Amino acid sequence: MKSIKAKASSRIITMKYFMFLFLLFFCTATFAQTTDSIGNFQRNNKQLIWQHIYNTPVSVQKFASALKIRTSISDVSYQDNQITAKLEKYKLNYQKYGGSYMKTAIFGDYIYSAVIVIDIKESKYRVTIKDFSSQTTSDKVVETTLLSDEISRNDGTFRDTKTVRAALGYFDRDFLEMFKYSPETGSDNW
């Protein structure tokens, strides 16, 4: 009698163990999420873009002239309702947002260039920054590094780590401030 009860008890424990593993696997597979956006950064066909829509009315001419006085923005041109420009020699000031040298991802120290496209429609404008790249020179060899390569896994999703989230958060806040335009203050104080 005892051996039958022992076998039944052993089978129940084994079934409970398998049920627990099945539920654990099911929950992990169901609720695991791949991150394809952090803040205003998004992945689009393995390309990293930053995009934000501002609800401020502005004219193309005023916005373009305001961009021309920015030191890190060059080659500003506009046609119809679109402004294109280049972000050059841009260095993130992560310390302004609470970051520190040892706690910020290494790509936060690079000097970047990128393409800026601003679409103006009705009382809104959308800023899109894409093609983030940095060039470093060592031993007379110029190496180009894409920001998307620094923060992506092989499958194209974001490396969802604390340092990547923090660094992209610093970029996000800096870009939000950089492209905020206030018609009251004009182009002098933005």
Side-chain angles (χ1 to χ4, degrees), residues 34-94 96-97 99 105 107-136 142-153 155-160 164-190:
T34 58
T35 304
D36 54 349
S37 67
I38 296 177
N40 289 304
F41 282 95
Q42 307 166 18
R43 302 286 305 183
N44 187 5
N45 296 330
K46 293 192 176 186
Q47 181 184 12
L48 179 70
I49 63 170
W50 181 88
Q51 192 170 65
H52 185 74
I53 298 173
Y54 295 87
N55 292 318
T56 305
V58 64
S59 73
V60 175
Q61 294 81 10
K62 285 183 180 180
F63 201 87
S65 64
L67 283 175
K68 289 179 182 179
I69 64 170
R70 304 288 294 191
T71 56
S72 59
I73 298 176
S74 65
D75 296 337
V76 178
S77 63
Y78 62 90
Q79 185 175 17
D80 296 329
N81 290 331
Q82 188 176 64
I83 301 171
T84 57
K86 290 184 181 176
L87 184 69
E88 292 184 341
K89 298 180 183 174
Y90 168 76
K91 181 152 178 28
L92 174 65
N93 182 5
Y94 51 81
K96 178 179 177 182
Y97 305 106
F107 63 82
D109 272 334
Y110 297 165
I111 297 173
Y112 288 96
S113 61
V115 175
I116 303 168
V117 178
I118 302 168
D119 297 306
I120 300 173
K121 188 175 183 181
E122 296 169 10
S123 62
K124 299 178 184 179
Y125 63 96
R126 179 181 62 200
V127 179
T128 304
I129 307 174
K130 57 186 177 180
D131 299 332
F132 292 91
S133 65
S134 69
Q135 290 188 338
T136 54
V142 177
E143 182 179 336
T144 300
T145 305
L146 298 176
L147 180 58
S148 59
D149 292 343
E150 293 287 324
I151 62 167
S152 301
R153 294 186 180 111
D155 64 356
T157 59
F158 283 110
R159 286 188 179 134
D160 197 11
V164 168
R165 279 191 169 278
L168 287 181
Y170 301 147
F171 276 105
D172 191 31
R173 290 166 63 188
D174 202 35
F175 290 148
L176 283 171
E177 284 182 25
M178 182 185 294
F179 293 102
K180 186 176 183 179
Y181 181 81
S182 175
E184 293 84 33
T185 58
S187 61
D188 295 337
N189 296 326
W190 73 304

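For the numbers below, each heavy atom of this structure counts, side chains included, while hydrogens, waters and symmetry mates do not. Here the structure is a predicted model, which means the values were calculated and not measured.
For Asp131, the side chain to side chain donor-acceptor pair (under 3.5 Å) partners at least two apart in sequence or on another chain are Gln47. With sequence neighbours left out, the side-chain contact (heavy atoms from CB on, under 4.5 Å) criterion links Asn81 to Val60. Applying the side chain to side chain donor-acceptor pair (under 3.5 Å) test to Ser72 and every residue at least two apart in sequence or in another chain returns nothing. Take Lys89 and apply the salt bridge (charged side-chain N to carboxylate O under 4.0 Å, His left out) test, not counting sequence neighbours, and it matches no residue. Scanning for side chain to side chain donor-acceptor pair (under 3.5 Å) contacts around Ser134 gives an empty result, with sequence neighbours left out. Taking the salt bridge (charged side-chain N to carboxylate O under 4.0 Å, His left out) definition, one finds that Lys130 meets it with nothing, sequence neighbours left out. Gln61 is linked by a side-chain contact (heavy atoms from CB on, under 4.5 Å) to Ser59, Tyr78, counting only residues two or more places apart in sequence or in another chain. With sequence neighbours left out, the side-chain contact (heavy atoms from CB on, under 4.5 Å) criterion links Lys68 to Val76. Remark: Asp174 engages Tyr90, Tyr97 in a side chain to side chain donor-acceptor pair (under 3.5 Å) (not counting sequence neighbours). For the side-chain contact (heavy atoms from CB on, under 4.5 Å) test, residues two or more places apart in sequence or in another chain that qualify with Asn55 are Ile53, Lys124.
The distance from atom CD of Gln82 to atom OG1 of Thr84, rounded to the nearest 0.5 Å, is 6.5 Å. Atom NZ of Lys180 sits about 9.0 Å away from atom NE2 of His52, to the nearest 0.5 Å. Atom CG of Leu67 is separated from atom CG of Asp75 by 12.0 Å, given to the nearest 0.5 angstrom. In this structure, the separation between CD1 on Ile38 and CG on Asn40 is 11.5 Å, given to the nearest 0.5 Å. Rounding to the nearest 0.5 Å places CG of Leu48 at 5.5 Å from CZ of Phe132.
Looking only at side-chain heavy atoms (C-beta outward), Leu87 and Ile73 come within less than 4.5 Å of each other. Side-chain contact between Trp50 and Leu176 is present, with heavy atoms from C-beta onward closer than 4.5 Å. At a threshold of 4.5 Å between non-hydrogen side-chain atoms, the residues Val127 and Phe175 do not count as touching.
In summary, the aromatic rings of Tyr112 and Phe171 are positioned with their centroids under 6.0 Å apart. Taking the six-membered ring where the residue is Trp, the centroids of Tyr125 and Phe63 are separated by under 6.0 Å.
A donor-acceptor contact closer than 3.5 angstrom is absent between the side chains of Glu88 and Ser113.
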Could you give me the CA-CA distance, side-chain angles and deciding distance for Leu168 and Asp172, then say whether side chain to side chain contact (heavy atoms under 4.5 Å, CB included) is met?
CA-CA 6 Å; Leu168 287 181; Asp172 191 31; over 6 Å; no

